*Asks:* 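Please read through the structure below; I'll follow up with questions.
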Amino acid sequence: MAAAGAPDGMEEPGMDTEAEAVVTEVPTRPLNCVEAEAAAGAGAAAEDSCDARGSLQPPAPAQPPGDPTAQASVSNGEDAGGGAERELVDLKIIWNKTKHDVKVPLDSTGSELKQKIHSITGLPPAMQKVMYKGLVPEDKTLREIKVTSGAKIMVVGSTINDVLAVNTPKDATQQDAKAEENKKEPLCRQKQHRRVLDKGKPEDVMPSVKGAQERLPTVPLSGMYNKSGGKVRLTFKLEQDQLWIGTKERTEKLPMASIKNVVSEPIEGHEDYHMMAFQLGPTEASYYWVYWVPTQYVDAIKDTVLGKWQYF
């Protein structure tokens, strides 16, 4: 009947309300619950199933920034990077006429520096003499001995292979030569040296320490005599690899590589001082003699000038 229905083009009054009810009744739940409800049909059992499933919680979120574990991780990262923040210093390691540019922590000890040199040159730490204004102490840091960036570190010593390469005939020849020298009259008794030594010990000569071995001082060795009896001083310019022999008249600047040999002998009656000669040419006539060298510096002078271990 026409009266029972709605006019054409008009919706029945209950349709909107029913649609809204459907939208309102659909709960906000995961898609699988809707699918489960549709599969099971409208009923209490389906709703119970959806409610049960809807009670499932999503995975726990990542730990917040304030979580102790996360903070520990960050802290560990900072600690691990702490070593990289150690203050470094640029050094030039000079050994066997070769220069090596390296960076080392300023708080490294002399012993640690020797290990670094060993990794670069293959020279065992026990056979190294490391010099920066004298011998570098193994128990002090580079900061404590005031090493600055760009400093030149002199290293003397021979590798195991160098030592093993010394052949027996050469050793025998050297031993024969030393035996022949021992037969000669002591140097300090020879006339050419006696006229200088007879002047006596200079009043301003540097103090000696008998039976001791010390690194070179940071100041020139002074107060000594040369062959003519004039005052002479020795200055070791490690940064330039030079020995400066100074007199009142002039200063000779000698590359250490040009010095062929260094010989010395204790002064009879004053064994805490030596007479020492630097060989500047091929013969003994080229020896430059220096008298009253404090005995504690003799080995350091030989090692520094010759740049290798000497076996006497």
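Note that the structure is predicted; figures quoted are calculated from it, not measured.
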*Asks:* Please give me the minimum heavy-atom distance between Pro294 and Met206, naming the atom from each residue.
*Replies:* CG-O, 3.8 Å
*Asks:* Looking at Trp95 versus His100, is the centre-to-centre ring distance below 6.0 Å?
*Replies:* no
*Asks:* Closest heavy-atom contact between Val232 and Val290?
*Replies:* CG1-CG1, 3.9 Å
*Asks:* Quick one: CG on Leu91 to CG on Asp101, what's the gap to the nearest 0.5 Å?
*Replies:* 9.5 Å
*Asks:* Answer yes or no: is there a donor N or O on one side and an acceptor on the other, between the side chain of Ser286 and the main chain of Thr283, under 3.5 Å?
*Replies:* yes
*Asks:* Can you confirm whether or not the ring centre of Tyr291 sits under 6.0 Å from the ring centre of His274?
*Replies:* no
*Asks:* Please walk me through it: do Phe236 and Thr218 pass side-chain contact (heavy atoms from CB on, under 4.5 Å)?
*Replies:* CA-CA 9 Å; Phe236 298 89; Thr218 56; over 6 Å; no
*Asks:* Please determine whether a side-chain nitrogen of the Lys or Arg among Asp241 and Lys152 lies less than 4.0 Å from a carboxylate oxygen of the Asp or Glu.
*Replies:* no
*Asks:* Going from CG on Leu142 to CG on Leu88, what distance comes out if it is rounded to the nearest 0.5 angstrom?
*Replies:* 11.0 Å
*Asks:* Are any non-hydrogen side-chain atoms of Arg143 and Glu87 less than 4.5 angstrom apart?
*Replies:* yes
*Asks:* Indicate yes or no for a side-chain donor-acceptor contact from Arg233 to the backbone of Met224 under 3.5 Å, with no hydrogens or angles considered.
*Replies:* no
*Asks:* Whether Lys92 and Glu239 form a salt bridge (side-chain N of Lys/Arg under 4.0 Å from carboxylate O of Asp/Glu) is what I want to check.
*Replies:* no
*Asks:* Would you kindly say whether Lys116 and Ser108 are connected by a side-chain donor-acceptor distance under 3.5 Å?
*Replies:* no
*Asks:* Determine whether a donor-acceptor pair (N or O, by modelled atom type, separation under 3.5 Å) exists between the side chain of Glu252 and the backbone of Ile245.
*Replies:* no
*Asks:* Give the cluster check for Leu280 versus Leu306: same hydrophobic cluster or not, with ILVMFWY residues linked at side-chain heavy-atom distances below 4.5 Å.
*Replies:* yes
*Asks:* Kindly determine whether Val155 and Ile93 satisfy side-chain contact (heavy atoms from CB on, under 4.5 Å), including the steps that lead there.
*Replies:* CA-CA 7 Å; Val155 181; Ile93 306 296; 3.9 Å; yes
*Asks:* Can a donor-acceptor pair be found, under 3.5 Å and without considering hydrogens, that links the side chain of His118 to the backbone of Leu123?
*Replies:* yes
*Asks:* Tell me if a side-chain donor or acceptor on Gln296 pairs with a main-chain N or O of Ala212 at a distance below 3.5 Å.
*Replies:* no
*Asks:* Is it true that the NZ or CZ of Lys227 lies under 6.0 Å from the centre of Tyr288's six-membered ring and within 45 degrees of the ring axis?
*Replies:* no
*Asks:* With rounding to the nearest 0.5 Å, note down the distance linking CD in Glu138 to CD in Glu112.
*Replies:* 11.0 Å
*Asks:* Calculate, to the nearest 0.5 Å, the distance between atoms CD1 and CE belonging to Ile267 and Met276 respectively.
*Replies:* 10.5 Å
*Asks:* Can you measure from CD (Glu214) to OG1 (Thr295) and round to the nearest 0.5 angstrom?
*Replies:* 10.0 Å
*Asks:* Would you compute the distance between atom CD of Gln213 and atom OH of Tyr297 and round it to the nearest 0.5 angstrom?
*Replies:* 13.0 Å
*Asks:* Please answer whether the main-chain N or O of Leu254 pairs with a side-chain N or O of Ser258 as donor and acceptor at a distance below 3.5 Å.
*Replies:* no
*Asks:* Would you tell me whether Asn96 and Thr98 have side-chain atoms, one donor and one acceptor, within less than 3.5 Å of each other?
*Replies:* no
*Asks:* Determine whether a donor-acceptor pair (N or O, by modelled atom type, separation under 3.5 Å) exists between the side chain of Gln128 and the backbone of Val130.
*Replies:* no
